[in-house]
Structure formats: C-alpha cells, structure tokens
Amino acid sequence: MVEGISDLLFRTRGFFPIFAITTAVGSILAWMGQGQDLIRTVTDIGSEHTGFDAKVFWLCLAVVVLAFQAWFWARVIVETEFGPREEWRYRYYLTWAPRLLGLIPFVLLFIALWRVNSANAWLAWLLAGLGLAFFILSWARLPLTKAMHRASERLQKNGRPKAAAALEISLTNLRRTVLGVGIAYAIIAMAVIIVDPVRLPVFFGPAAVVLTACALFIPILTTLLLIGGRYHLRIGITLLLLVIVFSYWVDNHEVRRSPSSAAVQRAAILGRPTLDQAYKTWRAQFPERSEKPIPLIFVASEGGASRAGYWTAAVLSQLEMESHGEFSKHVFAISSISGGSLGVAGFLSSIQDQKTGAAITAGGVTLRQAVSSFVGDDYLSPALAGMLFPDLLQRFVPISVLPDRSEALEKGWEYGWRKRCETIPCDDPSKFSTDFLSLWSQPSRKAWLPAWLIGGALQEDGRPVLTSNIQVGNAIDAWDFHYIAGTDVRLSTAILNGARFPYVSSSGTISNPAMPHQVDAVHIVDGGYFDAAGVEVVRGLAESMLAPGGTASTDNIEPVFLLISNDGVNPPFTPDPVGAVAGPSIPIACRDQSPKSGCPGKDGGLSTIAPDLFGPIQGLYRSRAAHGERLKTLLYRFAPTQAGGVPTKVLTVDLCSMAVPMNWALSANARHVVDELLTEKQDSAGECERQNISEFNQLISILQ
C-alpha cells in the first residue's frame with residue numbers, strides 16, 4: 001500500500017510545480033500588501049468608469065487561462081503516466097487532483113478581491129461564477145466527450161463522413177491543439193514584449209501580466225518534466241546548472257549608455273561644475289542682505305519604490321507651490337535613494353518646464369498634479385513583463401541577445417513622461433530618454449536648477465556611487481558614476497542607478513570601468529544597500545561646504561535639512577525638556593501596538609518559523625533600514641553648522657500612513673491617501689500629520 005502511494009506521488013510529481021505556481025501568485029495577490037494594491041489598480045478603475053473596463057476583462061481572462069492550464073496539463077500528466085481511465089488504480093485522486101488544481105486560481109483571486117473590500121465586490125462574485133462554470137465543465141468533460149463521440153457516429157450513419165471525421169480529429173488532436181496554441185501564444189507574447197515591453201503590459205495591468213506569465217510557464221515545465229521522466233533526466237537540476245554555467249559569460253544587464261556621441265558626452269562630463277562653482281551659481285541668485293540669512297536647503301529623499309517617489313513628488317511640488325517658486329531657488333542639492341529618485345526626476349523636469357516657458361499649469365492643473373500624474377503611473381507592468389519574459393528566457397540562452405528587466409522599467413518611465421506630455425504641456429516629451437546631464441544644460445534655461453545626487457552602491461565594495469550633475473570631488477567618500485563609466489546615461493537610466501531594488505531590477509554592469517585597480521567590470525546596485533534614507537550624502541556635502549575654509553563658510557546663510565521619509569517615523573528624535581536629543585521615537589505604525597511588520601516583538605516573520613534559516617536574512621534586511629535611521633540620528637545630533645552662524649535646522653516630513661505599499665504601481669486608493677496629506681492642515685489630524693504640518697510651515701516661514 002505504502003509502496004503504491006509512493007509510486008503514485010512520484011509519477012504525479014508534475015502536480016507540485018503546477019500547485020506551486022498557482023498558489024504562489026494567488027497568495028501574493030490575496031495576502032501581501034503589494035499584491036492587494038495591484039488588485040485595487042483593477043477594482044479602482046472599475047469604480048471610476050461605467051461599464052466593463054479592459055483591465056477587468058484581462059484579469060478575468062488571465063485567471064481563466066491560468067486555471068485551464070493548471071487543469072489541462074495535470075490531466076496530460078495523468079494520461080501520460082497512467083494510460084486509459086480503466087487502468088487507473090487510484091481513480092479518485094487522479095480524477096479530482098487536476099480539477100482542484102484548476103480551482104486554485106479562482107479561489108485565491110476571489111479571496112484577493114474580497115479582501116480588498118472595494119465598491120466592486122461584484123467582480124469577486126463574477127470570478128466566483130467563472131470558477132463555478134469552470135468546475136462544472138471540468139466535471140462534465142467526460143460525459144461531453146462521450147456525447148461528441150456519439151454525435152460523430154450519428155453523423156457517420158447519416159451520410160456525413162466529413163463532418164464525423166472532423167469531429168473525431170478534433171477530439172483526438174485536442175491536446176496537440178492546446179499545446180500548439182500555448183506555444184504560439186508564448187512566442188507571440190515574447191516577441192511583442194521584446195519589441196515593446198511597455199504599452200501592452202500597461203494595457204493589461206500588472207496582475208494580468210503575472211497571471212499570464214504563470215499560465216505560460218505551466219505547459220513548458222510540464223513538457224520538460226514528462227520528457228525528463230521518459231529519458232530519466234533531472235530536468236530541474238539540469239536547468240539550474242545551465243543557468244549557473246551560462247551566467248559565467250552571459251550578461252544582458254549592461255547599464256544603458258547615452259545616445260549622444262562620445263565627444264558630446266565627454267564635453268558634458270568634463271563641463272560639470274565643481275562644488276565651489278555650483279555654490280557660486282546658487283549664491284548669485286540672491287542680493288546681499290545683512291538683516292536676514294539666506295536659507296541654504298539640502299533635501300534627502302528616502303527610498304521605497306513608487307511610494308517614495310509619489311510622496312517625494314508631492315512634498316517638493318507642494319513646497320514649490322506654497323512658496324511661489326522660492327523653494328527650488330533655495331534648494332542647493334537633493335539626495336535621492338531608490339524610488340525617491342523618480343519623484344525628484346518628475347519634480348525637476350516639471351519646474352524646468354515652468355522656467356523654460358511650458359505652461360504645465362494650463363487648464364487648472366497644479367504643479368503638484370502635473371508631477372503626480374507622471375510619478376503615479378503604472379511602472380510595475382513593464383518591469384514584470386521584462387522580468388518574466390525576455391529576461392527570464394535569457395537565463396537559458398548561451399548568448400546575450402535579449403533585453404533585461406531594468407531596461408523595461410526605464411522604458412516605462414520614458415513612456416510615462418511622453419504620455420504625461422500628451423495631456424500636460426512640457427518642454428521636451430523625450431526628456432527621459434535623452435542625456436541625464438542635458439537636464440541642466442538647456443540653452444533656454446537661465447534659472448537655477450538644484451543639484452541632484454542619485455545614490456547607488458557598488459556591488460564589489462559596498463561604497464556609494466553618485467550619479468550627479470556636479471563634481472563633488474573629495475567632499476563625499478563615494479564613487480563618481482560618470483568617472484567610473486566614462487559616459488553619460490539617459491535620464492531614465494540615471495534614476496535606475498539608485499533604484500535597482502533587489503531582484504525586481506538587476507544590478508547594472510559597467511564594463512571597462514575607470515578604476516584605480518584593473519577590473520573587467522563592476523556592478524551598480526540600489527543605493528538603499530548603503531543608506532536607505534539618503535542623508536549621508538547631503539550631510540557630508542554640507543559639512544564640507546560649512547566647515548572653516550569651505551565654500552559657504554563665510555556667507556550669511558541658514559542651513560536647512562529637509563528629510564522626506566516614508567517609514568512611519570516622524571520626527572526621528574524627540575527633544576527632551578532641556579533641549580538635548582533623546583532616543584528615537586516609536587514608529588507611527590507600531591504605536592497602536594497592533595501586530596505590524598517591522599514592529600519589534602510583534603511580527604517575527606519567517607524567522608519565527610525557521611530561525612536558523614531565515615533569521616540571518618531578516619537581520620540583514622532589517623539592518624538596511626536601521627542603518628538609514630542611524631544616519632538620521634547622526635544628522636540630528638551632529639548637523640553640520642557654520643562656525644558662528646545660524647544654527648542648522650533639520651526638518652522631517654513623513655508619509656505617516658503605512659497603508660501605502662512599497663510598489664512600482666500605486667492604486668487610486670493609495671494615491672488618494674498621499675494626495676490628502678499636506679493639503680488639509682487641521683489640528684485634528686493625527687500626531688504624525690500634525691508634526692508634518694509644523695515642519696512644513698517652519699520651512700515656508702523660513703523662505704518668506
């Protein structure tokens with residue numbers, strides 16, 4: 001008996017990858033915050049428009065296709081391994097297991113839609129109805145097949161042999177037909193996404209992209225497992241070995257270079273101002289005034305995908321609006337990490353448009369709305385499409401010929417800016433696909449545009465890598481990206497130089513770098529590895545400028561640090577009654593004592609399940625954020641101050657709400673949460689919101 005069950009499970013081992021694929025993707029959408037927000041991107045759309053939205057249709061179709069693939073290929077395994085139904089020993093298991101595998105996508109997506117609890121609950125019931133119909137069809141398949149055979153016999157008797165033969169051929173070749181359609185579907189999808197990884201995935205939506213990709217994985221994996229079983233091959237181990245071996249020489253993650261000529265790039269790189277030159281340009285904006293110091297503002301934007309980008313864009317544009325343009329004039333430098341760089345890019349590009357004459361506020365659109373319309377777009381769909389299609393296939397191809405997922409994300413930003421320019425006037429629709437340094441070198445622009453330092457990290461030694469329009473020299477202990485690469489990059493690539501979130505975006509390869517030691521290539525990774533808050537760069541910059549003998553050491557200025565945070569901690573430190581800095585405050589997300597991720601003692605995560613295995617991984621991941629908090633601590637306690645000058649102010653504006661997930665696509669609900677912050681300045685707001693209002697008003701008063 002035991003031996004028979006063991007043989008049964010071995011011969012149906014192909015059920016496990018089908019179960020793993022359907023369960024994994026469904027569970028992400030049903031229980032992870034990011035997955036729930038992806039579902040909201042569909043349901044929110046449905047509530048905003050009348051009728052049946054395209055994304056709703058594609059989500060339902062993707063679930064149906066995934067369910068059919070799970071059921072059908074489980075049936076293929078059964079028929080291949082066990083032959084005709086009459087020969088089955090464990091008929092109940094072999095009959096019902098494929099049906100249950102086909103039901104998994106419907107069940108988990110129903111849970112996902114139900115948990116969202118949106119106004120579109122009808123969509124959950126629609127999916128439940130589709131699941132019920134699918135189950136009935138799978139259960140009635142055998143009677144239907146027998147009925148079709150009887151129909152074929154009747155056609156033969158009634159003198160219609162051609163129709164009878166066509167029906168029999170259809171029944172006999174059903175498996176081959178489904179296989180052919182699946183292969184054709186996969187090839188067409190792969191070709192389309194290689195050519196354009198943005199438009200079609202954005203049209204489908206991120207949830208449909210993932211479900212469709214998983215549906216295409218199932219026939220490929222099942223076929224490989226069946227072939228391996230026939231020829232006694234270890235398919236899983238073989239594929240893994242191929243990936244490892246090919247990785248020694250296959251690398252499609254090269255950082256995209258500037259489209260300009262080498263001479264133009266070299267002139268732009270060498271023409272970047274030094275720190276002293278940049279400060280003199282900034283200082284020349286203001287007349288001499290002895291009665292009031294000039295605010296010198298340094299901004300640090302924390303990382304966190306579109307959550308950080310959208311919040312950063314909201315804070316910067318709101319300050320620019322309420323100060324009537326004074327804010328950007330007083331900002332000397334902006335340091336950004338990961339997703340915060342997307343918000344900075346949208347802000348700088350938009351205010352440059354304003355200063356070059358583009359009427360982005362035409363038609364009643366505010367600056368904040370103009371910036372948010374770009375930053376809040378769907379950039380997850382291109383990243384997922386690039387990851388699950390060409391970049392995944394490239395891992396099994398011995399020649400580097402396919403684009404990677406990072407390029408897909410960059411092209412998503414480029415497309416997002418062009419789309420934004422179709423509705424809101426802009427100076428250059430192709431700005432994100434042209435040179436990064438050209439953002440500061442437009443002939444028509446004479447007004448000051450803040451310096452920008454995008455924080456990445458070098459994979460080989462962990463030191464920060466700065467992509468910037470200024471030469472910081474020895475002011476900061478960091479690598480200069482333009483010095484290492486020897487070329488400029490597109491604006492979209494510059495953003496990604498600091499936003500290469502682990503696994504979602506690949507590390508970027510820089511071949512033949514200009515390094516003091518001979519190496520063939522180095523790799524740039526997400527800046528959050530070194531400093532998730534982005535404060536160390538501006539702290540070091542200000543320290544160099546304000547120290548005795550520094551470029552700003554003798555001017556009548558007031559240094560101000562603005563920290564744009566999204567970790568639920570505001571302010572990072574609370575003064576005690578005598579003015580000294582006390583310990584860190586409790587994160588907003590933990591103050592209600594509810595079991596939320598990141599709260600000590602509340603949610604141990606995977607480390608509580610297998611502490612020896614997952615504990616070190618969780619510790620390394622948590623230390624990333626903790627390192628950023630420590631650097632905030634140093635800034636608050638030892639903020640660089642001009643000798644004998646006005647004391648330095650350190651202000652923090654936090655997102656406050658942990659309901660906004662860290663994602664490259666935000667639902668309308670998530671964007672609405674952010675949009676309401678900083679606009680409703682009521683004393684009845686929560687502690688974090690009141691602190692935001694206080695810090696925000698302090699900065700506005702400084703600029704007046």
Side-chain angles (χ1 to χ4, degrees), residues 12-30 32 35 38 58-59 61-78 80 97-98 100-109 112 134 175 178-194 197 200-201 204-229 233-243 246 380-397 402 404-405 408 503-504:
T12 58
R13 62 192 180 280
F15 288 1
F16 176 75
I18 296 175
F19 173 79
I21 290 173
T22 54
T23 304
V25 66
S27 298
I28 289 172
L29 295 174
M32 285 187 65
L38 294 188
W58 289 115
L59 175 65
L61 180 61
V63 175
V64 171
V65 172
L66 177 59
F68 175 80
Q69 295 280 50
W71 167 77
F72 180 84
W73 288 97
R75 290 283 309 166
V76 170
I77 293 172
V78 171
T80 302
L100 295 177
L101 288 173
L103 278 179
I104 288 175
F106 290 108
V107 172
L108 292 178
L109 265 295
F134 175 85
R175 184 192 303 179
V178 173
L179 176 60
V181 170
I183 292 175
Y185 186 18
I187 292 174
I188 293 172
M190 183 69 69
V192 169
I193 291 174
I194 288 174
L200 194 61
F204 284 167
V209 168
V210 175
L211 293 170
T212 301
C214 291
L216 297 177
F217 293 162
I218 289 174
I220 296 172
L221 287 175
T222 303
T223 302
L224 290 174
L225 286 171
L226 291 174
I227 293 173
L233 299 175
R234 299 285 187 177
I235 294 297
I237 295 176
T238 302
L239 292 176
L240 180 60
L241 289 175
L242 285 177
V243 171
F246 290 165
L380 183 60
S381 294
L384 291 173
M387 174 193 297
L388 298 174
F389 287 91
D391 207 12
L392 180 61
L393 178 61
Q394 179 64 79
R395 308 280 70 80
F396 305 97
V397 178
L402 298 174
D404 75 338
R405 57 192 183 275
Y503 302 110
V504 175

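Values in this document were obtained by computation on a predicted structure and should not be read as measured data.
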side-chain contact (heavy atoms from CB on, under 4.5 Å) evaluation trace for Ile193 with Leu200: CA-CA 8 Å; Ile193 291 174; Leu200 194 61; 5.6 Å; no
Not counting sequence neighbours, which residues clear ring pair (Phe, Tyr, Trp, His ring centres under 6.0 Å) with Phe246? List them please.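 Residues passing ring pair (Phe, Tyr, Trp, His ring centres under 6.0 Å) with Phe246: Trp249.
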From [X] atom [atom1] to [Y] atom [atom2], the distance as rounded to the nearest 0.5 Å:
| X | Y | atom1 | atom2 | answer |
| --- | --- | --- | --- | --- |
| Leu402 | Arg395 | CG | CZ | 9.0 Å |
| Trp73 | Phe217 | CH2 | CZ | 15.5 Å |
| Leu108 | Leu29 | CG | CG | 9.0 Å |
| Leu393 | Met190 | CG | CE | 4.5 Å |
| Leu61 | Thr212 | CG | OG1 | 7.0 Å |
| Ile235 | Thr222 | CD1 | OG1 | 12.0 Å |

Exercise: identify the closest heavy-atom pair between [X] and [Y]:
| X | Y | result |
| --- | --- | --- |
| Val78 | Pro98 | CG2-CG, 4.3 Å |
| Leu101 | Ala74 | CD1-CB, 3.9 Å |
| Phe204 | Val209 | CB-CG2, 4.3 Å |
| Ala62 | Leu211 | CB-CB, 3.7 Å |
| Arg405 | Asp391 | NH1-OD2, 2.6 Å |
| Pro105 | Thr22 | CG-CG2, 4.1 Å |

Given Ile194 and Phe389, is the side-chain contact (heavy atoms from CB on, under 4.5 Å) satisfied, shown in steps? CA-CA 8 Å; Ile194 288 174; Phe389 287 91; over 6 Å; no
Begin with the C-alpha distance, continue with both residues' side-chain angles, and end with the deciding distance and a verdict on side-chain contact (heavy atoms from CB on, under 4.5 Å) for Ile18 and Leu221. CA-CA 9 Å; Ile18 296 175; Leu221 287 175; over 6 Å; no
Exceeds 12 heavy-atom contacts within 6.0 angstrom, atom CZ of Phe396: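 Check passes, neighbour count above 12.
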Please confirm whether the ring centroid of Phe72 lies under 6.0 Å from the ring centroid of Phe68.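 Yes, close enough.
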Would you indicate whether the side-chain heavy atoms of Phe106 and Val64 approach each other to under 4.5 Å?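 When only atoms from C-beta onward are counted, Phe106 and Val64 do touch, with a gap below 4.5 Å.
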Taking C-beta and beyond as the side chain, do Pro17 and Leu225 meet within less than 4.5 Å on heavy atoms?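 Touching, per the 4.5 Å side-chain cut-off.
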Under the side-chain contact (heavy atoms from CB on, under 4.5 Å) rule, collect the residues that match up with Ala408, sequence neighbours excluded.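 Listed in chain order: Pro197.
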Step by step, work out the side-chain contact (heavy atoms from CB on, under 4.5 Å) result for Val76 and Leu226. CA-CA 9 Å; Val76 170; Leu226 291 174; 3.8 Å; yes
